[in-house]
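Since the structure comes first, as structure tokens, the remarks are kept for the end.
All figures in this text were calculated on a predicted structure; none of them were measured in a lab.
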Amino acid sequence: MQEQHSNLACIFDLDGVLVDTAVYHYKAWKQLANDLGFDFTEAQNEHLKGVNRMRSLDMILAWGGVEKTAEEKEVLATSKNTQYVGMINKMTAAEVLPGTIDLLTALQQAGFKIALGSASKNAGVILERTQLTHFFDAIVDGNLVSASKPDPEVFVKGATMVGVTPAQSVVFEDAQAGIDAALAANMKVVGVGLPENLIGAHVYVKDLSEITVEDIKALIGG
């Protein structure tokens, strides 16, 4: 059984798919905005899903009508990340989203290759704290890619690292930028969230408890 599906891969986004770190990003960005004299809302935070750190900072500064030099932006981004890392270092396995452990276990037992494709530069810490690291054959994060989603680099690199083609890969994403990146890579994509927020996905689920290994095999085969 273990070799049966070794030519197939599942590539998972991290935030909002396997674990929910959005609340920590929100708290850290909100603190930064407040320190600069303006507010940052949860609705605005939704627009930052799948967006890398520096682009997120640019968007927040624009919302607040604040201009900073490149050097000042680096300081602000580092400050935000320090606060964020302090929060995620306290994460536990209890914060893994519903269905995650069961699906990863089933995929591993069925011989699928499993990769992470995340914009987060802290993905390794999060996987370690939530005890998910052992499921992954490859981890592609913000430290390994130069282009952020919707560029397909993160997913193409994930497929390459586990030795499969894009046609043999299924991506799991909760952000439109990630859906677009997966489609650009010619991969099948499962949207984790509401269909109206994730245009173009081949399948939609509320969380990973709503999809099985058989569903994934059918998706790739189809």
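When atom types are taken as modelled, the side chain of Gln109 and the backbone of Ala106 share no donor-acceptor pair closer than 3.5 angstrom. Side chain of Arg129 to backbone of Thr92: no donor-acceptor contact under 3.5 angstrom is found. Between the side chain of Glu153 and the backbone N or O of Ala147, at least one donor-acceptor pair lies under 3.5 Å. Between the Ser79 side chain and the Val75 main chain, no donor and acceptor come within less than 3.5 Å of each other. Between the side chain of His202 and the main chain of Val189, a donor-acceptor pair closer than 3.5 Å is present. Under a 3.5 Å cut-off, the side chain of Asn122 and the backbone N or O of Val125 do not form any donor-acceptor pair.
With Leu97 as the partner, the side-chain contact (heavy atoms from CB on, under 4.5 Å) test is satisfied by one option alone out of Leu208, Asp20, Asp207, Val17: Asp20. Applying the side-chain hydrogen bond (donor to acceptor under 3.5 Å, both in side chains) test between Tyr84 and each of Lys27, His25, Arg53 identifies His25 as the sole match. Shown are Val51, Leu61, Asn45; of these, the side-chain contact (heavy atoms from CB on, under 4.5 Å) with Ser56 is made only by Val51. Each of Gln83, Lys90, Glu95 was compared with Tyr24 under the side-chain hydrogen bond (donor to acceptor under 3.5 Å, both in side chains) criterion, and only Glu95 meets it. Partner of Leu14 under the side-chain contact (heavy atoms from CB on, under 4.5 Å) criterion, chosen from Ile126, Ile139, Thr21: Ile126.
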Please walk me through it: do Thr212 and Asp215 pass side chain to side chain donor-acceptor pair (under 3.5 Å)? CA-CA 5 Å; Thr212 66; Asp215 295 332; 3.1 Å; yes
Decide yes or no on side chain to side chain contact (heavy atoms under 4.5 Å, CB included) for Leu107 and Phe12, but give the supporting numbers first. CA-CA 12 Å; Leu107 288 168; Phe12 293 88; 3.7 Å; yes
Verdict with reasoning, His47 to Trp63, per side chain to side chain contact (heavy atoms under 4.5 Å, CB included): CA-CA 12 Å; His47 293 289; Trp63 286 327; 4.0 Å; yes
Take Thr165 and Gln168 through the side chain to side chain donor-acceptor pair (under 3.5 Å) test and state the conclusion after the steps. CA-CA 5 Å; Thr165 67; Gln168 297 167 310; 3.1 Å; yes
Check step by step if side chain to side chain contact (heavy atoms under 4.5 Å, CB included) holds for Lys30 and Asp39. CA-CA 7 Å; Lys30 186 176 177 65; Asp39 201 15; 2.6 Å; yes
One pair to check against side chain to side chain contact (heavy atoms under 4.5 Å, CB included): Val140 and Phe155. What are the steps and the verdict? CA-CA 8 Å; Val140 184; Phe155 295 139; over 6 Å; no
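Here the straight-line distance linking atom CG of Leu103 with atom CD of Glu210 works out to 12.0 Å at 0.5 Å rounding. For the atom pair CG of Leu76 and NZ of Lys68, the computed distance is 6.0 Å after rounding to the nearest 0.5 Å. Interatomic distance, OG of Ser169 versus CG of Asn186, reported as 10.5 Å (0.5 Å rounding). Distance CG/Leu116 to SG/Cys10: 12.5 Å, rounded to 0.5 Å. The structure places CD1 of Ile211 at 4.5 Å from CZ of Phe172, a figure rounded to the nearest 0.5 Å. Here the CG-CG distance, from Leu32 to Leu57, works out to 6.5 Å after rounding to the nearest 0.5 Å.
Linking Ile, Leu, Val, Met, Phe, Trp and Tyr residues whenever their side-chain heavy atoms come within less than 4.5 Å leaves Val203 and Ile11 in two separate clusters. Residues Leu127 and Phe135 share a single hydrophobic cluster, defined by chaining ILVMFWY side chains whose heavy atoms lie under 4.5 Å apart.
Of all the heavy atoms in Leu18 and Asp13, the pair that sits closest is CG-O, 3.6 Å. Taking all atoms of both residues into account, the shortest heavy-atom contact from Ile199 to Gln176 is N-OE1, 2.6 Å. Listed here is the closest heavy atom pair of Thr105 and Ile101: OG1-O, 2.7 Å. In this structure, Ala110 and Val213 approach most closely via the heavy-atom pair CB-CG1, 4.1 Å. Annotation for Val162 and Ala138: closest pair CG1-CB, 3.7 Å, computed over non-hydrogen atoms. Nearest heavy atom pair, residue Glu74 against residue Met54, reads OE2-CE, 4.1 Å.
Remark: Glu196 CD is packed, more than 12 non-hydrogen atoms of other residues, nucleotides or ligands lying under 6.0 Å away. The environment of NZ in Lys121 is sparse: at most 12 heavy-atom neighbours from other residues, nucleotides or ligands sit within 6.0 Å.
Between Gln31 and Tyr26 the shortest side-chain heavy-atom distance does not fall below 4.5 Å. Val171 has its side chain out of reach of Leu183: every pair of non-hydrogen atoms, C-beta onward, lies at least 4.5 Å apart. Contact of the Gln44 side chain with the Ile60 side chain is not registered, since no non-hydrogen atoms from C-beta on lie closer than 4.5 Å.
A salt bridge links Lys149 with Glu173: the distance from a Lys NZ or Arg NE/NH1/NH2 to an Asp or Glu carboxylate oxygen falls below 4.0 Å.
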